Amino acid sequence: MKISRRSFLKKALGATAVSLTPAWAARLCFGEPAAPVKEFRLSASRARVHLGEGPTFWAWTYNGRVPGPEIRVREGEIIRVVLRNYLPEEASIHWHGVPVPNRMDGVPGVTQNGVRPGESFLYEFEARPAGTYIYHSHAGYQLDQGLYGAFIIEPAKESGSHDREYTLLLEDWVMKDGGGRARTRRRSPMGMMGGMMRGRSEQAGAPLLEPFYDGYSVNGRLYPHLEPLEVKQGEKVKLRLLNPSSATIYDLQLAGHPMTVTHTDGRPVAPMQTDILRIGMGERYDVEFVADNPGAWLLSARETGLGEGQLRIPVQYKGTRAHTPTPPDFLPGRSVATCWDMQAPYPDPSSSPATPGRFIPQTLSGGMHSPYWSINGEIYPGVAPIRVSRGEQVRLGYWNHSMMPHPMHLHGHFFKVVNPAVPRDLWIQKDTVIVDPMQRVEIEFIADNPGPWFHHCHNLYHMNAGMANVVTVQA
Ligand code: C2O
Ligand code: CU
């Protein structure tokens, strides 16, 4: 079914009239200047969702829409979010990437009890540091069902010289199978084999197998049903790219324009130009481009040959006549940026080579003949926490023994990516890093945020199939 632009606009307007109520108030604090408080209300509820094409399906949403409303605050503000749960299951909000106090981290069973149906929970913390983050539910498969949105902390002082900015959430969907993630629950571990294997008993409580994604949307719309990103000749345009997908890594290229990467996972990097950028689940990249090539272009993900409906975002210059946008070419000679090509914008004076820190190996495996995924052969839950002392320097050494990439994510901290090709004081900071098949990757962090912190693969299916543990920072 085609949707006319008019009815789409009406729909979009309807969707923004939700109960998102930023309120300003003064906070009374002894001895401290009052920090402004920003309040938001998010209700988790079921809602009918249509991506512009394909079936209308029941999604699980924040405020009745997918993605949830963008939450935007300024660094140093106190953010207060009331989550009210109208779902038939426990829910939560996790502030992916933000080093919040442990009680506010939103991981049921680790940092709080899940918010029960009909109940509410108040999340409150100081928004810092500035950057591009994701908020999402951390219960079961709810991220895949639609419970996520963009969380942007703007710098306290205006920074950056861009003229225009867009936030783009990259999403994977099961279209043929009913829309959303309907029916994926029924998949047996051999589900990929299709009907052939039906009847083979599914182990009770066995994790779900990753479904076959065949729809890729941006901010809840499938191409060509999304509004083009409008730019004006001569502008510097900032794109905040966020990947809340459950199981898809994207290689993105913008036709006709190189991109300059300025931030990864909210942290600044030395500006780096590239044609193609790889972004894994849970990662964020801020990029800029100069609009100096008028026309109609596509920012697209590389065709994998697997799914149809690849991710596409039209970019349209103001005043140019609309025509079919030109796709990127992904030619072999194009530069591809990953976090391994990046370095910090300035040396970190606190990085001392004299403290090697504690080394904790983390072997990642699974996937071959088992529905489970593991770290050091252990399957979460039922894994002893990794205990570290407050202030300790910790190095996690991943060794991926599997044939799948794993974007590993640590809560409560930024870590440095150990990169032998870059001087130690210029290692970049991130909170999620892709560990490729058979690759070894080391990360290092100061355990300065007390409490139990979830640590896991951000492939939702791997996480729920055991590839997780808890790093407990003892106070
Ligand atoms: Cu997006 Cu445990 O995180
Ligand atoms: Cu994984």
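Owing to the predicted nature of the structure, the values given are computational and were not obtained by experimental measurement. Computed from heavy atoms alone, side chains included, the values below leave out hydrogens, waters and symmetry copies. Just so you know, ligand 1 is whichever comes first in the structure, and atom 1 is the first atom listed for that ligand.
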Aromatic contact between Y141 and Y461, with the criterion being ring centroids under 6.0 Å apart: yes or no?
yes
Is L299 close to L239 at the side-chain level, that is, under 4.5 Å between some pair of heavy atoms?
yes
Just by distance, no angles: are the side chains of E171 and S217 close enough, under 3.5 Å, to form a donor-acceptor pair?
yes
Around the Cu ion (ligand 2), how many protein N, O or S atoms are closer than 2.8 Å?
3
Considering only residues two or more places apart or on different chains, which pairs with a residue in residues 375-395 satisfy ring pair (Phe, Tyr, Trp, His ring centres under 6.0 Å)?
Y380-F454
R164, CZ atom: more than 12 neighbouring heavy atoms under 6.0 Å
yes
For a quick check under 3.5 Å, do H462 and H406 share a side-chain donor-acceptor pair by atom type?
yes
With distance as the sole criterion, is a donor-acceptor pair present between the side chains of S365 and W373 under 3.5 Å?
no
Partners of H413 by ring-ring contact (aromatic ring centres under 6.0 Å, His included), sequence neighbours excluded?
F445, W453
Proximal protein heteroatoms (N, O or S) of atom 2 (Cu) of ligand 1, under 2.8 Å
H138 NE2, H411 NE2, H456 NE2
Under 3.5 Å, is there a donor-acceptor pair between the D105 and T111 side chains?
no
